[in-house]
Protein chains: 2
Amino acid sequence: MAEEKREEKRSRKTGGDRVAAICTALRRAIIERALSPGDRLPEDSLGERFGVSRTIARSALGQLAAEGLVDLRRNRIAVVAVPSFEDARDIFDIRVDLERQVVRHLAGKLTEAQVKQLTAIVEAEHQARHGAEGISIRLATEFHVRLAEMTGKPVLIRYVTEICYRAGLSLAVFSRPHSSECAVNEHLELIEAIRTGPADKACALMDEHLEAVASRALLQSSGARSRDLMDILAPYTE
Amino acid sequence: MAEEKREEKRSRKTGGDRVAAICTALRRAIIERALSPGDRLPEDSLGERFGVSRTIARSALGQLAAEGLVDLRRNRIAVVAVPSFEDARDIFDIRVDLERQVVRHLAGKLTEAQVKQLTAIVEAEHQARHGAEGISIRLATEFHVRLAEMTGKPVLIRYVTEICYRAGLSLAVFSRPHSSECAVNEHLELIEAIRTGPADKACALMDEHLEAVASRALLQSSGARSRDLMDILAPYTE
DNA sequence: GTGGATAAAAGTGCATACAGTTTTTGCATG
DNA sequence: CATGCAAAAACTGTATGCACTTTTATCCAC
């Protein structure tokens, strides 16, 4: 069994950045909730799963740890990060600022092609609305990431992308199943506001949207799933 | 010569995160301008210099690349990143937002000990005012990083720290020798405003301060040192 | 059974070896 | 004397091996 060499198809010569490939796969698995906060990510298994050595898997984990998606402690197995409630709040605060910048740069400047691209994503969100929840969340994230990419500003893109993924992970911890995304309409309104509107108006709408997402998830359920011993035992300690 | 085993003193047993040690050293070298944008960082030399294998050096470079301080391209030697002018501008824009958050959280809440700590840094800045320029820049950066640390918010601390280092690197590219930091007084005023003042006022002062630093460096010298072939040859192409 | 020592298993930390890829150097040629 | 071009040197990409740590499983006393 161990000797099976599956996936030997690809050229295997100059494998175009396999670390990045693993990162991409894991990011997606995390945002779609195929992986949950706290899940273990042993280097061996990871490497075997992707057909690479531990070296590569380890490097990918390091990268994801730098992005705040993975928790890496010395001599310990890596785990999907488990953001605290405070972390989640801070992540959303920063996200608001960053995305406001995105909107400011884009307001009134979207090309027709860009509008079409964004609308397509929202359309996909609409389709996925009753399917697996993970897909909805991924598409919602993709909407914001794509928006950032349209600024063409590498630095801004990098930070927005990272913070969006972290926000998605935070939601996995603190939002309960069905409170997540009724936000499809809000995305449509956003497109319209950015396309036509003055920057201030569009920014305000983005603020509102993000604050709504955060509230739906964070405020009302602060610790809904927080399997913290203290909370669980609270009713019993009298 | 090659066989010399210097630095064999330390226990060598369970070296407490040597990757982080290298990162710290390089970050500091970069911010102090001992390393300049574009300088080469071969894994071998780096490893030898720090008494570790290429594995560790490589990992450190990966980390710094994730922070935007190092440029890493496949099969190519790593170099200290060379931010473009647009990057620099975007970095400062993001910095303003992040540091505004810091100030907002801290306004009116600094303890006496914290004020003392900050004042000590500014004092050191004052001392270093006529010494090596690199030291001044490091201390100025340290002031902002320490401020962020006082919020106790890990996420915010991480992003502010990273963006401050990137800003420092940007200044290395775009600010000319003596335009950098006359900002010692501004730091003192900031401490005072944050200690006493209402959040809005302190935020405004921080905005002003950062905008001033950016202007002194970025606007007036847009490309002063941009050793871009196109610029250098422009006068000759008629 | 329950607690607890202890040995096996599973994993990480790191150096090293080797294959493949630039980059440099040295040399012959026009 | 510039210009290719080919061989050597310098580096990176990745797998693997071994030491050390943590976790899990085992077994024995009580």
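Note on naming: letters A, B, ... go to the chains in the order of the sequence lines (proteins, then strands), and numbering restarts at 1 for each one.
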Undergrad: Rounded to the nearest Å, what distance is computed from the CZ atom of residue B:R73 to the P atom of nucleotide D:dT12?
TA: 13 Å
Undergrad: Rounded to the nearest Å, what distance is computed from the CD1 atom of residue B:I22 to the P atom of nucleotide C:dG13?
TA: 15 Å
Undergrad: For a side-chain hydrogen bond (donor to acceptor under 3.5 Å, both in side chains) check, start with the C-alpha distance between A:Q101 and B:D93, then their side-chain angles and the critical distance, and finish with the verdict.
TA: CA-CA 9 Å; A:Q101 283 205 33; B:D93 284 347; 5.6 Å; no
Undergrad: Within the structure, does a side-chain N or O atom of B:R74 lie under 4.0 Å from either OP1 or OP2 of D:dT12?
TA: no
Undergrad: When you check the phosphate oxygens OP1 and OP2 of D:dA15, does a side-chain N or O of A:S53 lie under 4.0 Å from one of them?
TA: yes
Undergrad: Starting from C1' on C:dT23, measure out to CG on B:D44 and report it in whole angstrom.
TA: 14 Å
Undergrad: Provide, to the nearest angstrom, the distance between the CZ atom belonging to B:F50 and the C1' atom belonging to C:dA15.
TA: 18 Å
Undergrad: Take atom CG of B:N75 and atom P of C:dA19, then tell me their distance rounded to the nearest Å.
TA: 16 Å
Undergrad: Report yes if at least one side-chain N or O of B:R76 is closer than 4.0 Å to OP1 or OP2 of D:dG13; otherwise report no.
TA: no
Undergrad: Name the nucleic acid region contacted by B:R54, choosing base, sugar-phosphate or nothing; use a 4.0 angstrom heavy-atom cut-off, strictly under.
TA: base
Undergrad: What does B:R58 touch in the nucleic acid at a heavy-atom separation under 4.0 angstrom: a base, only the sugar-phosphate, or nothing?
TA: base
Undergrad: Are any of the side-chain heavy atoms of A:S36 and A:V80 separated by less than 4.5 Å?
TA: no
Undergrad: In whole angstrom, what separates B:L61's CG from D:dG13's P?
TA: 10 Å
Undergrad: When you compare the side chain of A:R33 with that of A:L171, does any pair of heavy atoms fall below 4.5 Å?
TA: yes
Undergrad: What's the closest nucleotide to the A:I56 side chain, out of D:dT14, C:dA15, C:dT22?
TA: D:dT14
Undergrad: Round to the nearest Å and state the distance from B:E48 atom CD to C:dT16 atom C1'.
TA: 15 Å
Undergrad: C:dG13 P sits how many Å from A:E43 CD, rounded?
TA: 6 Å
Undergrad: When the nearest nucleotide of DNA chain C is assigned to A:A78 and to A:T55 on a heavy-atom basis, which residue is associated with the more 5' position?
TA: A:A78
Undergrad: Could you tell me if the side chain of B:E125 sits less than 4.5 Å from the side chain of B:E142, heavy atoms only?
TA: no
Undergrad: Between B:S45 and A:V19, which residue's closest nucleotide on DNA chain D lies nearer the 5′ terminus?
TA: B:S45
Undergrad: Could you label the plane-to-plane angle of the A:Y159 and B:Y159 rings as parallel, tilted or perpendicular, counting under 30° as parallel and over 60° as perpendicular?
TA: perpendicular
Undergrad: Where the side chain of A:I77 is defined as all heavy atoms beyond and including C-beta, which of C:dT24, C:dG11, D:dT14 is the nearest nucleotide?
TA: C:dG11
Undergrad: Taking only N and O in the side chain of A:R18, is any of them less than 4.0 Å away from OP1 or OP2 of D:dG13?
TA: no
